[in-house]
Amino acid sequence: MEIGEAEEVIRRLDSALFHIKWRLKSHAKHRLHLDIVALCTEMRPVIMVDYGGKMPELQDRLCSLIKHCQQESSMFDQLKVMIIEDMIYLIHVKGLAEYVQSSLKSEVELLFVDLEQDPPKIVTQAEESLLATELIGVQKLFSLSFPTNDTNNDVSSCHLKDIVPNAAESVTSAESSVNKLITSHSSNFIDLSICMKDTNVTVPTLNGWLLGYPVVYLFSKEHIADAIYNLSTKYLRIFQILVCRNISPNKGSRFEELMSFSVPYELSMGGSKEPWAEAFLARMHLRREKCKEIWRPLKMEVNECYPQAIVL
């Protein structure tokens, strides 16, 4: 994608917003611009939409927006709206499929933090945590809905009963639902709530992986209150990835937040020098290299956050 094409994405997006009569506040509209360009350039495979309204109106508007954009330009063909329980996302289908496979092949390094303990503890091996193991099972379900052309990958042929042992009674219906999702990709909407059924994985845990963060908080549905307390009473480090778009000189440009995530202060004493943080930043630089005509060199900033109420 060239600079002109990225600006065309914005123009098409604004035209679609006008066509469907969706009036966004200026900050939400600007965030949507950034998110769509990030998806189209595969800087991120998944964006969680937490602006622009509430469900189900937000879902309807996003679906209408993507449908109209795809009718106007092929640059939007890989974009879809995805629902998981009460959360809504915009995804790049090819980018998400590749991200899922790289996760299952352990090419994406994740730091698991157990929030059920006070103070929170790092889980060094996924096999040490039932929740981390269940998250891998959810990832395998994603691979069924977003298969790649990798013929050497056997994940797409696995069965739900092998992934989620506790789902014995609903294996047939769940597997059927996933298979229907696979054949429904002609639509611009997909509901993957089935992937969370019969697991103890919470949406915040799923989001830690799904949104591309290097740190994933682990806590079961029975320990949500404990997790909130254990995180709210701790100093945190906030890691931000900041990007700046290459746009026409007369329009100006500035650094903006592409994504951010938190880590308990005591577990991130090295800040940006933590090995996992450096590895994560290196991966983001590699993504940017593939579309450097659109994005200037990105950077990471780390700030401290005092204990405060956290919503999970």
Side-chain angles (χ1 to χ4, degrees), residues 25-35 37-39 41 43-52 87 89 108-124 202-219 224 226-246 252-289 295-312:
K25 293 182 178 179
S26 59
H27 70 278
K29 185 177 180 180
H30 186 77
R31 184 71 235 180
L32 181 64
H33 286 172
L34 181 67
D35 287 345
V37 174
L39 286 169
T41 56
M43 279 293 288
R44 297 189 70 183
V46 180
I47 298 289
M48 184 175 71
V49 181
D50 55 359
Y51 51 85
M87 307 301 293
Y89 311 81
V108 175
E109 180 183 355
L110 295 179
L111 181 75
F112 293 104
V113 175
D114 184 354
L115 287 187
E116 293 183 6
Q117 300 189 51
D118 187 14
K121 302 291 185 182
I122 293 177
V123 177
T124 56
T202 60
V203 170
T205 292
L206 176 71
N207 280 341
W209 162 71
L210 186 59
L211 299 179
Y213 305 151
V215 177
V216 175
Y217 289 145
L218 296 176
F219 59 96
I224 293 177
D226 294 330
I228 292 174
Y229 175 82
N230 292 338
L231 199 60
S232 298
T233 57
K234 303 296 182 293
Y235 284 86
L236 303 176
R237 287 193 192 273
I238 307 298
F239 290 75
Q240 291 179 297
I241 296 295
L242 303 175
V243 293
C244 184
R245 280 188 290 145
N246 280 322
S253 184
R254 59 186 176 84
F255 276 102
E256 301 172 276
E257 182 184 291
L258 179 69
M259 62 195 304
S260 66
F261 57 92
S262 66
V263 186
Y265 184 91
E266 296 296 329
L267 301 181
S268 57
M269 298 301 290
S272 61
K273 298 300 181 182
E274 290 281 356
W276 56 264
E278 291 182 330
F280 171 67
L281 184 59
R283 291 198 301 272
M284 294 303 298
H285 279 303
L286 286 176
R287 286 188 186 179
R288 180 260 167 189
E289 279 296 310
W295 305 98
R296 296 178 184 175
L298 54 82
K299 64 180 181 178
M300 174 187 285
E301 288 189 355
V302 184
N303 299 292
E304 296 178 15
C305 177
Y306 293 100
Q308 56 183 289
I310 301 292
V311 178
L312 293 173

**Message:** Measuring only between side-chain heavy atoms, which start at C-beta, is Ile241 closer than 4.5 Å to Phe280?
**Reply:** yes
**Prompt:** Considering all heavy atoms of both residues, which atom of Met300 and which atom of Ala277 are nearest to each other, and what is their separation?
**Reply:** CE-O, 3.8 Å
**Gap between atom CG of Leu115 and atom CG of Asp226 - 0.5 Å precision** = 10.0 Å
**Request:** Could you pull out the closest heavy-atom pair between Glu257 and Leu242, with the gap in Å?
**Result:** CA-CD2, 3.7 Å
**Message:** For a quick test of reading the model, state the closest non-hydrogen atom pair linking Trp295 to Val243 and the distance between them.
**Reply:** CZ3-CG2, 3.6 Å
**Request:** In sequence, state the C-alpha distance, the side-chain angles, and the governing distance for Arg245 and Arg296, and then conclude on side chain to side chain contact (heavy atoms under 4.5 Å, CB included).
**Result:** CA-CA 6 Å; Arg245 280 188 290 145; Arg296 296 178 184 175; over 6 Å; no
**Request:** Please work out whether the ring planes of Phe261 and Phe239 are parallel, tilted or perpendicular, with thresholds of 30° and 60°.
**Result:** parallel
**Prompt:** Quick one: OH on Tyr235 to OG on Ser262, what's the gap to the nearest 0.5 Å?
**Reply:** 15.5 Å
**Asked** For Lys299 and Glu301, what are the C-alpha separation, side-chain angles and deciding distance, and is it a salt bridge (charged side-chain N to carboxylate O under 4.0 Å, His left out)?
**Response** CA-CA 7 Å; Lys299 64 180 181 178; Glu301 288 189 355; 3.6 Å; yes
**Fill in**
Between Tyr217 and the options Pro264, Pro204, Pro120, the side chain to side chain contact (heavy atoms under 4.5 Å, CB included) test singles out Pro264
**Message:** For Phe255, I'd like to know if atom CZ has over 12 heavy atoms of other residues, nucleotides or ligands within 6.0 Å.
**Reply:** yes
**Fill in**
Interatomic distance, CG@Leu231 vs CD@Gln308, rounded to 0.5 Å, equals 9.5 Å
**Request:** Please lay out, stage by stage, how Val216 and Thr205 fare under the test side chain to side chain contact (heavy atoms under 4.5 Å, CB included).
**Result:** CA-CA 6 Å; Val216 175; Thr205 292; 3.9 Å; yes
**Message:** Do Val113 and Val123 have side chains that approach each other closer than 4.5 Å (heavy atoms only, starting at C-beta)?
**Reply:** no
**Message:** Would you say that Arg237 contacts Leu267 through its side chain, given a criterion of any heavy-atom pair below 4.5 Å between the two side chains?
**Reply:** no
**Prompt:** What heavy-atom pair brings Lys121 and Gln117 nearest, and what distance separates the two atoms?
**Reply:** CG-OE1, 3.3 Å
**Close side-chain approach of Trp276 and Glu109, heavy atoms under 4.5 Å** = yes
**Item:** 4.5 Å side-chain heavy-atom contact, Tyr51 and Lys25
**Value:** no
**Item:** From Arg288, Gln240, Met284, residue fulfilling side chain to side chain contact (heavy atoms under 4.5 Å, CB included) relative to Leu258
**Value:** Met284
**Item:** Residues Val263, Glu274; criterion side chain to side chain contact (heavy atoms under 4.5 Å, CB included); working and verdict
**Value:** CA-CA 11 Å; Val263 186; Glu274 290 281 356; over 6 Å; no
**Prompt:** What distance separates Glu278 CD from Ser272 OG, expressed to the nearest 0.5 Å?
**Reply:** 7.0 Å
**Request:** Determine, step by step, whether Lys234 and Asp118 satisfy the salt bridge (charged side-chain N to carboxylate O under 4.0 Å, His left out) criterion, reporting the C-alpha distance in whole Å, the side-chain angles of both residues, the deciding distance to 0.1 Å, and the verdict.
**Result:** CA-CA 10 Å; Lys234 303 296 182 293; Asp118 187 14; 2.8 Å; yes
**Item:** Cys305 vs Tyr265 side-chain heavy atoms within contact, under 4.5 Å
**Value:** no
**Prompt:** Taking all atoms of both residues into account, what is the closest heavy-atom pair of Arg287 and Pro45, and its distance?
**Reply:** NH1-CD, 3.7 Å
**Request:** Please examine the side chains of Leu110 and Val215, heavy atoms only from C-beta on, and report whether any two atoms are closer than 4.5 Å.
**Result:** no
**Message:** Using every non-hydrogen atom in the two residues, find where Leu210 and Val46 come nearest and quote the distance to one decimal.
**Reply:** O-CB, 3.7 Å
**Message:** I'd like to check Phe219 versus Ile224 (side-chain heavy atoms, cut-off strictly below 4.5 Å). Are they in contact?
**Reply:** yes
**Item:** From Leu34 atom CG to Arg44 atom CZ, the distance as rounded to the nearest 0.5 Å
**Value:** 9.0 Å
**Message:** Nearest 0.5 Å, please: how far is CD1 in Ile238 from CG in Leu236?
**Reply:** 5.5 Å
**Asked** Going through the checks in order, is the side chain to side chain donor-acceptor pair (under 3.5 Å) test met by Asn207 and Tyr89?
**Response** CA-CA 10 Å; Asn207 280 341; Tyr89 311 81; 2.7 Å; yes
**Message:** Please determine whether side chain to side chain contact (heavy atoms under 4.5 Å, CB included) holds for the pair Glu116 and Asn230, giving the CA-CA distance in whole Å, both sets of side-chain angles, and the decisive distance to 0.1 Å.
**Reply:** CA-CA 7 Å; Glu116 293 183 6; Asn230 292 338; 5.6 Å; no
